[in-house]
There are 2 protein chains.
Amino acid sequence: MPRFTHPRLEDVPLDLALHALADPNRLAMVARLAATERLSCTDAAPCESIPKSTLSNHLKLLRAAGLIETTQAGREMINTLRRAEFDQRFPGLLGAVLANRPA
Amino acid sequence: MPRFTHPRLEDVPLDLALHALADPNRLAMVARLAATERLSCTDAAPCESIPKSTLSNHLKLLRAAGLIETTQAGREMINTLRRAEFDQRFPGLLGAVLANRPA
DNA sequence: ATAATAGTTCGGCATTATTGAACTGTTGAA
DNA sequence: TTCAACAGTTCAATAATGCCGAACTATTAT
């Protein structure tokens, strides 16, 4: 049973947050979660072609950056954006990034 | 004589810009340039301990991300932030990043 | 000319990222 | 119940990046 560790936002350095967002696939996942609230890992995936293990790693990185929270629900893992906490930690950052994301 | 290539900002993808900013040393350099306008490479360096070749690479990356412009002046290279252009390309992004940078 | 300065480039090593394969745990069906 | 399918994770090997010492280029000063 996977037990996920979620950092306190005050322990997340800016560099880590930027690095997490500095990848097209991860950013696409964040954008999806910003729009859809709750998504399983596969549903959060930006496309079908990305391997499961890669997807899992991306989500782990997003967790470590304080961007998402993952909880188990049956056999799927439900991911949600930690929007309020992240915005409090890094005011304006996520908004600016999402606003500048290519369509 | 090094001839630097500076991308058009519309050709800079968001990922590249974020990646350039997602490093403490590079971000510190950007912050310096935001405060000081014109700096040679060594003056832009965040600390004395960082090797020249590493510094040069960081600056190359910042150039590629459209963040700085480098011109030769005698034997030094003068770096300036392409602030207006960058802000036009990614509104609010650099401001948010700099505002959230640790002291 | 020579030496010092400012920085780039190159090449090798170290770190990080990607991904197939094997594994854990959960649900639904026979 | 067992069995198979499903959702994801973990591991290990390979691929791709990053870092930095050493050698190099160009400029200025002596």
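A, B, ... follow the sequence lines: proteins, then strands. Residue 1 opens every chain.
Rounded to a whole Å, the CG atom of N25(B) is 12 Å from the C1' atom of dG18(D). Put simply, CD on Q72(A) is 10 Å from P on dT9(D), counting in whole angstrom units. One can place CE of M77(B) at 11 Å from P of dA6(C), the figure rounded to the nearest angstrom. Residue K52(B) contributes atom NZ, which lies 6 Å from atom C1' of dG7(C) at whole-angstrom precision. Going from atom CD1 of I50(B) over to atom P of dA6(C) covers 17 Å, rounded to whole Å. Going from atom CD of E48(A) over to atom P of dA7(D) covers 11 Å, rounded to whole Å. For L59(A) and dT10(D), the CG to P distance is 12 Å, given to the nearest whole Å. Here the C1' atom of nucleotide dG8(D) and the CG atom of N57(A) are 12 Å apart, to the nearest Å.
Comparing dA6(C), dT9(D), dT8(C) against the side chain of R75(B) picks out dA6(C) as the nearest. Of the listed nucleotides (dT8(C), dG8(D), dT19(C)), dT8(C) has the atom at the smallest distance from the side chain of R63(B).
A donor N or O paired with an acceptor N or O is not found under 3.5 Å between the base of dG7(C) and the side-chain atoms of S56(B).
Taking the nucleotide of DNA chain C with the nearest heavy atom to each of L55(A) and D43(B), the more 5' of the two is matched to D43(B). Toward the 5′ end of DNA chain D lies the nearest nucleotide of E76(A), the other residue of the pair E76(A) and K60(A) mapping further downstream.
At the phosphate of dG7(C), neither OP1 nor OP2 sits under 4.0 Å from any side-chain N or O atom of S53(B). Residue R3(A) places none of its side-chain N or O atoms closer than 4.0 Å to OP1 or OP2 of dT24(C). Here H19(B) does not reach the OP1 or OP2 of dA17(C): none of its side-chain N or O atoms lies under 4.0 Å away. Regarding contacts with the backbone of dT8(C), every side-chain N or O of H58(B) stays at 4.0 angstrom or more from both OP1 and OP2.
Side-chain atoms of R89(A) come within 3.5 Å of backbone N or O of L9(A) as a donor-acceptor pair. Looking at R26(B), its side chain does come within 3.5 Å of a backbone N or O of A20(B) through a donor-acceptor pair. Between the side chain of R101(A) and the backbone N or O of A31(A) there is no donor-acceptor pair closer than 3.5 Å.
A donor-acceptor contact under 3.5 angstrom links the side chains of S40(A) and D43(A), judged on distance only.
Within 4.0 Å of T54(B), counting heavy atoms only, lies at least one base atom of the nucleic acid. Across all strands, R26(A) comes closer than 4.0 Å to no nucleic acid atom at all (heavy-atom distances).
Between I68(A) and T80(A), the closest side-chain pair of non-hydrogen atoms is not below 4.5 Å.
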